[in-house]
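The structure appears right after this line, and notes come after that.
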There are 2 protein chains.
Amino acid sequence: MTSPARRRSAGDRRAQLVAIGLELLPTTPVQELTIDEVARRAGISRSLLFHYFASKRDYYTAVTRAAADVLREHLAPRPGLPAGEQAAGMLERYVGWVETYRDAHLSFVRGAAAGDPWVAEVYEETREQLVDMALAALELPDDARRRQLLRAWFAFTEDLVSSWVREPTMERGELVDLLRGLLDRLLES
Amino acid sequence: MTSPARRRSAGDRRAQLVAIGLELLPTTPVQELTIDEVARRAGISRSLLFHYFASKRDYYTAVTRAAADVLREHLAPRPGLPAGEQAAGMLERYVGWVETYRDAHLSFVRGAAAGDPWVAEVYEETREQLVDMALAALELPDDARRRQLLRAWFAFTEDLVSSWVREPTMERGELVDLLRGLLDRLLES
DNA sequence: TAGCTTGTTGACCGTTGCTCAGCAAGCCGA
DNA sequence: TCGGCTTGCTGAGCAACGGTCAACAAGCTA
């Protein structure tokens with residue numbers, strides 16, 4: 001019935017499938033993304049998807065990891081800026097990110113973090129990397145306690161910025177200052 | 001093949017099924033809980049479960065709501081204590097709760113919050129109620145900004161306490177003081 | 001005992017994740 | 001041009017799961 005798909009190189013096909021997943025992520029909770037739908041959009045048979053990804057889980061983690069890569073790259077310190085301003089820049093970019101991709105971001109954070117434990121693992125992993133980046137930007141030593149506080153601060157920030165975008169109860173600058181002040185206070189001890 | 005189940009009143013049966021769900025929650029992410037398994041444990045056929053709950057989703061939300069009820073009841077202010085100490089008591093009980101039911105709590109928070117949007121709704125709802133309780137205990141007026149900050153503080157607390165239980169990087173008292181201090185500072189403005 | 005209510009079941013269906021044998025497109029050496 | 005190799009790709013088919021439906025039967029009441 002359906003005409004066979006155009007033949008592609010393995011790398012191309014894989015990339016295409018991940019790209020489709022990324023495209024669907026903002027509108028669909030990860031776990032509601034069916035293999036059928038993805039295959040249909042790619043114009044290939046389900047079987048082919050399983051040729052590239054061992055399981056649905058495998059595919060999900062690949063997509064989630066790709067999403068995490070985009071975020072991480074966006075937040076990464078900009079070389080050339082003085083070290084002292086790196087942290088401020090990251091915070092600024094994070095707020096901007098959530099402002100721009102609110103739904104997509106929530107889909108990633110909430111959708112990915114739960115559901116499948118494997119996918120959650122990718123999320124945790126990304127978070128640890130963000131903690132690393134932040135500690136480096138702040139030029140602070142890396143001990144267990146600081147990491148904990150920083151992770152919790154991320155949770156605070158994630159939550160506050162998301163709800164602030166939905167209902168701005170303060171000036172943007174005030175929000176950033178509040179987050180920055182909180183971070184300084186938590187880490188000074 | 002299987003002998004028919006003992007006949008029960010509608011209320012009993014419903015309660016039993018929800019209880020089984022609560023029992024399974026700590027060890028199983030909500031969405032991996034299959035109807036088959038629940039029915040098997042209850043010693044009934046799948047069909048009967050669908051007689052009491054319109055859909056799997058419906059059953060999940062019922063279980064999640066039951067879990068939320070238990071938490072809310074545990075945190076609720078103890079009548080008789082002076083108003084000023086209510087907030088401290090709630091915080092204390094929250095830390096104790098996570099210490100005791102760590103896995104179950106994480107299953108609820110992470111598992112429930114994500115995955116199914118309907119289940120997430122129950123979680124949000126519970127959170128709003130906790131915010132209400134906290135504002136009342138603190139005897140603070142209820143405005144949008146304060147609610148936002150309080151919700152974010154909950155996210156911070158949830159995250160920090162969970163990771164602190166896993167790896168205690170400070171004294172218990174220090175943890176509670178830190179959380180309390182942070183809350184005061186956030187809400188004083 | 002007849003009859004009503006309602007707790008309960010098994011047979012059945014569509015979807016979805018996943019497997020497997022095999023087709024065919026493109027490339028290569030002769 | 002032909003044969004053969006690699007490998008992208010498909011369709012049939014299976015098991016598990018969510019969900020439906022007609023019908024059975026336990027227990028109450030007249």
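In what follows, chains are A, B, ... by sequence order, proteins preceding strands, each numbered from 1. In this text the structure is predicted, and so the values were computed from the model without any measurement.
Looking at the side chain of A:Ser47, the nearest of the listed nucleotides C:dC20, C:dT9, C:dG7 is C:dC20. Distance from the side chain of A:Arg7 is smallest to D:dG8 among D:dG8, C:dG7, D:dT20. Distance from the side chain of A:Ile44 is smallest to D:dT10 among D:dC17, D:dG8, D:dT10.
Atom-to-atom, CG of A:Leu48 to P of C:dC23 comes out at 18 Å; the value is rounded to the nearest Å. Atom NZ of A:Lys56 is separated from atom C1' of C:dT19 by 17 Å (rounded to the nearest Å). Between the CD atom of B:Glu37 and the P atom of D:dG18 there is a distance of 11 Å, given to the nearest Å. As rounded to whole Å, 13 Å separates atom C1' of D:dG11 from atom CG of A:Asp36. Taking atom CG of B:Leu49 as the reference point, atom P of C:dG7 lies 14 Å away to the nearest angstrom. We find that CZ of A:Arg40 is positioned 14 Å from P of C:dT15, with the value rounded to whole Å. For the pair B:Tyr52 OH and C:dT6 P, the interatomic distance rounds to 11 Å; values are reported in whole Å. When rounded to the nearest whole Å, the span between CZ of B:Arg14 and P of C:dG7 equals 12 Å.
Base contact: B:Ser45 has a heavy atom under 4.0 Å from a base atom. Nucleic acid contact for B:Ser9: none, since no nucleic acid atom lies under 4.0 Å from a heavy atom of the residue. Contacts of B:Arg6 with the nucleic acid, taken as non-hydrogen atoms under 4.0 Å apart, involve only primed sugar atoms and P, OP1 or OP2. Across all strands shown, B:Ile35 has heavy atoms under 4.0 Å from sugar-phosphate atoms exclusively, and none from any base.
Between A:Tyr59 and C:dG17, a side-chain N or O to OP1/OP2 separation shorter than 4.0 Å is absent. Within the 4.0 Å cut-off from OP1 or OP2 of D:dA26, not a single side-chain nitrogen or oxygen of B:Arg8 is found. Distances shown here put every side-chain N or O of B:His51 at or beyond 4.0 Å from the OP1 or OP2 atom of C:dT8.
Here the straight-line distance linking atom OH of A:Tyr101 with atom CG of A:Leu71 works out to 11.0 Å at 0.5 Å rounding. Considering CZ of A:Phe156 and CG of B:Asp159, their distance stands at 12.5 Å, rounded to 0.5 Å.
Residues B:Glu174 and B:Trp164 are not in side-chain contact: their nearest non-hydrogen atoms beyond the backbone lie 4.5 Å or more apart.
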Checking A:Gln148 against A:Arg145 for the side-chain hydrogen bond (donor to acceptor under 3.5 Å, both in side chains) test, could you report, in this order, the C-alpha distance in whole Å, the side-chain angles of both residues, the deciding distance, and whether it holds?
CA-CA 5 Å; A:Gln148 262 184 2; A:Arg145 180 185 161 138; over 6 Å; no
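Taking the six-membered ring where tryptophan is involved, the planes of A:Phe53 and A:Tyr59 are perpendicular, since the angle between them exceeds 60° and thus also 30°.
Contact annotation: side chain of A:Arg46 to base of C:dT16, donor-acceptor pair absent below 3.5 Å.
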